[in-house]
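When a residue number appears, it is its place in the shown sequence, counting from 1.
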Amino acid sequence: MAAYQVQPSSNLLFRQLFEKDSSTYTYLLADLSLPEKPAVLIDPVQTTVDRDVSIINDLGVKLLYAMNTHVHADHVTGTGLLKTKLPGVKSLISKASGAKADVFVNPGDTIQFGTFSLEVRATPGHTKGCVTYVTAEGLNQPHPRMAFTGDALLVRGCGRTDFQGGDALELYRSVHSQIFSLPKDTLLYPAHDYKGHTVTTVGEELLYNPRLTKDQDGFKKIMDNLNLAYPKMIDIAVPANMVCGIQDPVAASAV
């Protein structure tokens, strides 16, 4: 579990959780102002589902949605397994991902949990179905705002663009139009970090991101020459995540 926690609203419960093998962050948000404490869980990992369920039960929150920012290639999502352990939970992903889920979202949609909500912003480029979830504006909403950027924007970096429909120029435009257009104090929470960072801001990344501070041509040149190794889990993770982990017995047997 990451040590960094914020209290952007006295009624918002926020937890940042970490899975070490894939360096994945999972985020739990809940509205404490209501008796049932409605909650969402962003980017759960299958191997840490028992941890997540324990935390959810300990805190007494009611999980509404287990949701992904995109179809991950480095781990199997925990959404399907969570559904078997917490009845009533719905899996959620962008319609553009082409994956299977209970709920599909499109750009501009709103995901409600109690008095809080997350706006869906399309941020393709790492994969064609990437989205960023952004907390709403308003007096009783988190301030500064919070954005859960998946792999589109990492702390001082970004996701690769060489598979799963990736496109460097599309990613550049997505980040600049949909994330960097947010207020500079907006807190940015990525799906992964490999150097111990837990959070950044729009203002920081506008100044210090070594890739996205370049112009489009400079960014594309960097991305085209990363020469990264083939993800070791991709052949297992992507087919499984296209059915949101273990969506149902039929889907599971087909993976």
Side-chain angles (χ1 to χ4, degrees), residues 2 16-27 41-46 48 66-79 92-94 96-99 101 105 107 118 120-134 146-180 182 186-200 202 204-205 209-212 219-220 222-224 226-234 236-238 240-242 244-245:
Q16 183 181 44
L17 308 163
F18 188 66
E19 193 282 314
K20 62 181 179 61
D21 290 336
S22 59
S23 297
T24 299
Y25 284 125
T26 297
Y27 300 97
L41 192 68
I42 301 172
D43 286 334
V45 180
Q46 190 176 70
T48 50
M67 47 202 282
N68 286 295
T69 52
H70 65 291
V71 174
H72 294 272
D74 56 359
H75 67 268
V76 176
T77 179
T79 52
L92 182 151
I93 201 167
S94 72
S97 70
V105 291
L118 295 169
V120 179
R121 294 194 173 202
T123 47
H126 171 61
T127 75
K128 63 182 180 179
C130 286
V131 294
T132 291
Y133 301 116
V134 186
M146 307 164 74
F148 301 90
T149 59
D151 286 13
L153 181 66
L154 306 176
V155 180
R156 309 295 191 267
C158 63
R160 60 196 294 177
T161 58
D162 57 337
F163 59 81
Q164 285 183 275
D167 184 293
L169 292 181
E170 187 173 43
L171 179 60
Y172 186 93
R173 291 189 288 266
S174 293
V175 171
H176 278 265
S177 65
Q178 301 299 314
I179 299 175
F180 285 171
L182 291 163
T186 302
L187 298 166
L188 304 179
Y189 294 96
H192 301 282
D193 190 82
Y194 309 97
K195 297 181 179 179
H197 302 294
T198 56
V199 63
T200 185
V202 169
E204 286 180 47
E205 296 306 310
N209 191 295
R211 299 177 183 177
L212 288 155
F219 177 77
K220 187 175 188 303
I222 290 171
M223 299 308 291
D224 288 348
L226 291 178
N227 298 316
L228 297 173
Y230 192 69
K232 62 181 181 180
M233 280 286 290
I234 189 171
I236 297 171
V238 170
N241 292 338
M242 288 299 291
C244 271

Mind checking whether [X] and [Y] have side chains closer than 4.5 Å, heavy atoms only?
| X | Y | answer |
| --- | --- | --- |
| Asp74 | Lys232 | no |
| Asp167 | Thr161 | no |
| His70 | Pro124 | no |
| Thr48 | Leu17 | no |
| Leu153 | Asn209 | yes |
| Tyr133 | Val131 | yes |
| Thr69 | Ile42 | yes |
| Thr26 | Glu19 | no |

Could you go step by step and tell me if Val134 and Leu118 meet the side chain to side chain contact (heavy atoms under 4.5 Å, CB included) rule? CA-CA 5 Å; Val134 186; Leu118 295 169; over 6 Å; no
Atom [atom1] of [X] and atom [atom2] of [Y]: how far apart are they, to the nearest 0.5 Å?
| X | Y | atom1 | atom2 | value |
| --- | --- | --- | --- | --- |
| Asp151 | His126 | CG | NE2 | 4.0 Å |
| Asn68 | Asn241 | CG | CG | 6.5 Å |
| Cys130 | Arg121 | SG | CZ | 15.5 Å |
| Asp193 | Ser23 | CG | OG | 7.5 Å |
| Leu171 | His176 | CG | NE2 | 9.0 Å |
| Arg211 | Leu154 | CZ | CG | 7.5 Å |

If you take all heavy atoms of [X] and [Y], which pair is closest and at what distance?
| X | Y | result |
| --- | --- | --- |
| Ser94 | Gly129 | OG-O, 2.6 Å |
| Leu182 | Thr186 | CB-OG1, 3.6 Å |
| Val71 | Ser97 | CG2-CB, 4.0 Å |
| Arg160 | Ala229 | NH1-O, 2.9 Å |
| Ile222 | Pro210 | CD1-O, 4.0 Å |

Picking from His75, His72, Met233, what satisfies side chain to side chain contact (heavy atoms under 4.5 Å, CB included) with Ser22? His75
Using the rule side chain to side chain contact (heavy atoms under 4.5 Å, CB included), only one of Val175, Val155, Ile179, Thr149 pairs with Glu205; which is it?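 Among the candidates, only Val155 passes.
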Electrostatic pair Glu170-Lys128, nearest N-O below 4.0 angstrom: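 Salt bridge: no.
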Apply side chain to side chain contact (heavy atoms under 4.5 Å, CB included) to the pair Ile93 and Val105, showing each step before the final yes or no. CA-CA 6 Å; Ile93 201 167; Val105 291; over 6 Å; no
Output, in order, the C-alpha distance, side-chain angles, deciding distance and verdict of side chain to side chain contact (heavy atoms under 4.5 Å, CB included) for Thr79 and Met67. CA-CA 7 Å; Thr79 52; Met67 47 202 282; over 6 Å; no
Phe18 and Tyr25 aromatic ring geometry - parallel, tilted or perpendicular at 30°/60° bounds: tilted
For Gln46 and Thr77: C-alpha separation, side-chain torsions, deciding distance, then whether side chain to side chain contact (heavy atoms under 4.5 Å, CB included) applies. CA-CA 5 Å; Gln46 190 176 70; Thr77 179; over 6 Å; no
Please find out if less than 6.0 Å separates the ring center of Tyr189 from that of Tyr27. yes
